[in-house]
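Convention: sequence-line order gives letters A, B, ...; per-chain numbering from 1.
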2 protein chains.
Amino acid sequence: MAQRPTGLSGFPEWLPEGRLVELEVLDTVREVFELHGFTPLETRSIEPVDVLLRKGEIDKEVYAVRRLQADAGDEDLMALHFDLTVPFARFVVENASRLDFPLRRYQVQKVWRGERPQEGRFREFTQADIDIVDIDHLATHHDAEMALVMAEVFAALPFLPPATIHVNNRKVLEGFYRGLGIDDVPSVLRAIDKLDKIGPAKVRALLVDAGLTDDAADRVLALAAIRGTDGRVADEVRALGVSDPLLEDGLAELVGVVEAAQRAHPGAVEADLHIARGLDYYTGTVYETTLEGFESFGSICSGGRYDALATDGRSTYPGVGISLGVTRLVSLLIGRDLARATRKVPSAVVVAVVDEETRPASDAVAHALRARGIPCEVAARAEKFGKQIKHADRRGIPFVWFPDAAGDTVKDIRSGEQVGADASTWTPPDTDLRPRVVAVTDIHEGAS
Amino acid sequence: MAQRPTGLSGFPEWLPEGRLVELEVLDTVREVFELHGFTPLETRSIEPVDVLLRKGEIDKEVYAVRRLQADAGDEDLMALHFDLTVPFARFVVENASRLDFPLRRYQVQKVWRGERPQEGRFREFTQADIDIVDIDHLATHHDAEMALVMAEVFAALPFLPPATIHVNNRKVLEGFYRGLGIDDVPSVLRAIDKLDKIGPAKVRALLVDAGLTDDAADRVLALAAIRGTDGRVADEVRALGVSDPLLEDGLAELVGVVEAAQRAHPGAVEADLHIARGLDYYTGTVYETTLEGFESFGSICSGGRYDALATDGRSTYPGVGISLGVTRLVSLLIGRDLARATRKVPSAVVVAVVDEETRPASDAVAHALRARGIPCEVAARAEKFGKQIKHADRRGIPFVWFPDAAGDTVKDIRSGEQVGADASTWTPPDTDLRPRVVAVTDIHEGAS
């Protein structure tokens, strides 16, 4: 049964069975990130407002934070971070002398944005980021690497609809616009960023409003329509008759990224020249990711190259990163009932209690099972066995253990089979040891 | 080398090698909690202020949260949660019809308190909680269970100094005070809560200030001095000559908890009648935990029974819970250099790059290693091998892999031993596969 968030709009909460789905995503993400050598990091949730808004163009709505009992003006204004990249850049500059570069780190934390909540868009949500930063120069092969690591994450989540990582390059867009003689690049980026939402006709009107000629607006839209997975993308762009050195730099980078990605993981990544990433701090490669059949849900994994975000005046720390929107993804999996946990709790076994006097014997069984890695719980009350079995059944716990001085037994409550068992040797089947998260289609097939 | 938090006072941040220590604690906590059948849950970080302060006596300083661009008064006042128990109680009441009781849940999240930062006390910190709640009645054997689960967590962290869980019961304190004719119980609780900080002489003065006779103050302090692990605790209390039915209820519960704990895990838990837990919402059993040699650091694991926190008018949801102060614990481990990660990154191997043209061959080696669960990274630059080895050495990565058309080799850079290897079969020793967190004494012994 699909589960909806409750309570405050934009602040989702999952029941335990939903949290198990989220944990499966988080565990998978961490496993893939660590296999690729990304080291874990967290930053504080709160930053001075001026750190968050230093990149003046960022248009995120932030949540200010102040002690309830503070007098106005007695503290610097603080706010909850709205992403993990800006705080990471601050952390890198602050700790540069104690870090090893290039630094590969992953960071999984909640972020907050005061935006209007809607399907897939929340005010509190979890992001899972990887970034690589170096000093002064960061090699471009990392731009392909970021996309490929995320492609591995998607491949490791079998209940996920097919994902495509769309890649563009800010230099392509800015070089192309410059080559067309456009002055107000931010307005054009902002308009192109709305293509998915309002369509090309309305974007064209916005472009003309921003002062573009009909011809320039047509060429901007023609650029945004280009897709591909190899060097022909650059040919199609050049066929639009705009030339600029920055455009050529960007095309070389873009083709390099999609060709490297195509070699390593065919079909996972495509060049998509309408990806703009709004007013963010990106300077080169940018990423967005859609799920087949759920394109309207928005990007579930975005990011890009930021060559100028982190600097201490002497050195700059160019970086590239990509961020999985864990809450958006999990809200889709739960809300559209695509994935479910096989049970609601970790326990594989309920150890029954005959009466309160023999509870220690039941505790001893549980202790022996846990010592061999088998999650279990002891019945809370020495009720009739039927009620204790119902306790297990309601939670989807597959086994009930009956301590008995004449010889313990364990019952598989799905089949009803009950066999003699020794707590120091009995083991459930591997598939029953922990709750698993499976595609709902698998559940239906299993039941048919 | 010990590592100190940087930046905003009270908002700790760890370098990657510190975050690895924290993750070891978090992974251990989760593993033990799940073995005991606690199911995962998170609640939103933000609550309406009236939810947080509904229990009027709670004296935590909260952080108010408001959209930076909101007009004053256009939203209900919200705040960051200061613990995980009050939000959990709200969640239980809100979702009671969709939850199974008794509910065993664990919850690991950040909380925020606007208190003055000092050693071991932070404004942002992570707590790891377990709670069991039931409808209308919760069996008292769970009070012992909470302490025993945490004792297992401590036993599973070999680098931790020996921990003692101190248990008391609010009914003992309140019944004793009532039996002495004391009216202002909160003032006495608040005074007793200061024993560790200011000592008995100053607490006695506070008690007399609060209107207690010299004799009553002496008996309150005599009660607070009692310790033990069995029924003799109750005898010592009764010998103080105070009688009250609530006191007797409390003594029966307290002796039950410490005796059950003593049977299951000797030495882990003791009755300690000076534990009061300030003005919190507890109604029975209360817990605090000290680490041998670091008593002044304060309690690293606290909680208690709350029979009246969660109610929807028709039903009450009595609960018992205990909370590990993860950040306080980790700040001790890192700040006092008690535990260290064996390296700074997950990678067990750096795959060297001969030149940029053959980078795909190095990528292929990494892909083959990762497919068998071996974390690795490919060198960022095709530098001289000496520099690539230094990249590994600086991070503590034990192995460097050299792709070679004539036959790959892998070098253990600690011993210098270099051997032929096949990426589809080579495996590092178990102890090198992942970074481990070890006691610093082990490091010194290993080096000697």
Side-chain angles (χ1 to χ4, degrees), chain A residues 6-8 11 13-16 19-20 23 34-46 49 61-70 79-80 91 94-95 98-100 102 104-105 110 114 124 134 139 141 263-264 344-347 359-360 363 370 373 375-377 380-381 394-395, chain B residues 6-8 11 13-16 19-20 23 34-46 49 61-70 79-80 91 94-95 98-100 102 104-105 110 114 124 134 139 141 263-264 344-347 359-360 363 370 373 375-377 380-381 394-395:
Chain A
T6 58
L8 284 181
F11 292 84
E13 294 186 323
W14 313 116
L15 293 173
R19 175 64 179 160
L20 287 166
L23 275 179
E34 292 187 352
L35 281 174
H36 285 262
F38 291 88
T39 197
L41 196 72
E42 287 204 332
T43 58
R44 62 191 188 224
S45 303
I46 291 173
V49 166
E61 278 224 48
V62 304
Y63 278 106
V65 170
R66 187 184 287 281
R67 284 191 300 120
L68 195 58
Q69 291 162 29
L80 295 169
F91 180 91
E94 199 167 286
N95 294 283
R98 308 193 289 171
L99 296 168
D100 302 306
R104 306 163 67 84
R105 84 88 178 77
K110 290 199 167 63
E124 173 176 64
D134 208 337
H141 58 77
R263 274 194 304 273
K344 297 181 184 181
V345 297
S347 295
R359 177 173 293 279
D363 287 338
R370 288 177 191 131
C376 59
E377 57 194 80
R381 286 180 284 267
R394 276 209 312 264
R395 291 159 177 79
Chain B
T6 59
L8 285 181
F11 292 84
E13 293 187 323
W14 313 116
L15 293 172
R19 174 64 180 160
L20 287 167
L23 275 179
E34 292 188 352
L35 281 174
H36 285 262
F38 291 89
T39 198
L41 196 72
E42 288 203 332
T43 57
R44 61 190 188 227
S45 303
I46 291 173
V49 166
E61 278 225 46
V62 304
Y63 278 107
V65 170
R66 187 184 287 279
R67 285 190 300 121
L68 196 57
Q69 291 162 29
L80 295 169
F91 180 91
E94 200 167 285
N95 295 284
R98 309 193 291 171
L99 297 168
D100 302 307
R104 306 163 67 84
R105 84 87 179 77
K110 292 199 166 61
E124 174 177 63
D134 208 338
H141 58 78
R263 274 194 303 273
K344 297 180 184 181
V345 296
S347 294
R359 178 173 292 278
D363 287 338
R370 288 177 191 132
C376 59
E377 57 193 80
R381 286 179 285 267
R394 277 210 311 265
R395 292 160 176 79

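Minimum heavy-atom separation, F91(A) to L15(B): CZ-CD2, 4.0 Å. Nearest heavy atom pair, residue H141(A) against residue A380(B), reads NE2-O, 2.8 Å. Scanning all heavy atoms of the two residues, the minimum distance from L20(B) to P40(A) falls at CD2-CG, 3.6 Å. Taking every heavy atom of both residues into account, L8(A) and I46(B) meet most closely at CD1-O, 4.1 Å. L41(B) and R19(A) get closest at one heavy-atom pair: N-CG, 3.8 Å. Closest non-hydrogen pair, R395(A) versus P102(B), comes out as NH2-O, 2.9 Å.
Within the 4.5 angstrom heavy-atom criterion, atoms from both the backbone and the side chain of K344(B) approach chain A. Using a 4.5 Å cut-off between heavy atoms, R105(B) does not touch chain A at all.
In this structure, E13(B) CD and N95(A) CG are separated by 7.0 Å, a value rounded to the nearest 0.5 Å. H36(B) contributes atom NE2, which lies 8.0 Å from atom SG of C376(A) (distance to the nearest 0.5 angstrom). The distance from atom CD of E124(B) to atom CD of E42(A), rounded to the nearest 0.5 Å, is 8.5 Å.
Residue with the most contacts toward chain B among R359(A), R104(A), K110(A), E377(A): R359(A) (heavy-atom pairs, distance under 4.5 Å). Here L68(A) is the residue among L99(A), L80(A), L68(A) with the most heavy-atom pairs under 4.5 Å with chain B. Interface summary for chain B: among A139(A), G114(A), S45(A), the most heavy-atom pairs under 4.5 angstrom belong to S45(A). Listed options S347(B), A64(B), A264(B) were ranked by heavy-atom pairs under 4.5 angstrom with chain A; first place goes to A64(B).
Ion pairing between a basic and an acidic side chain is recognised when a charged N comes within 4.0 Å of a carboxylate O; D100(A) and R394(B) show such pairing. Ion pairing between a basic and an acidic side chain is recognised when a charged N comes within 4.0 Å of a carboxylate O; D363(A) and R263(B) show no such pairing.
With R370(A) contributing its side chain and L35(B) its backbone, the two residues share a donor-acceptor pair below 3.5 Å.
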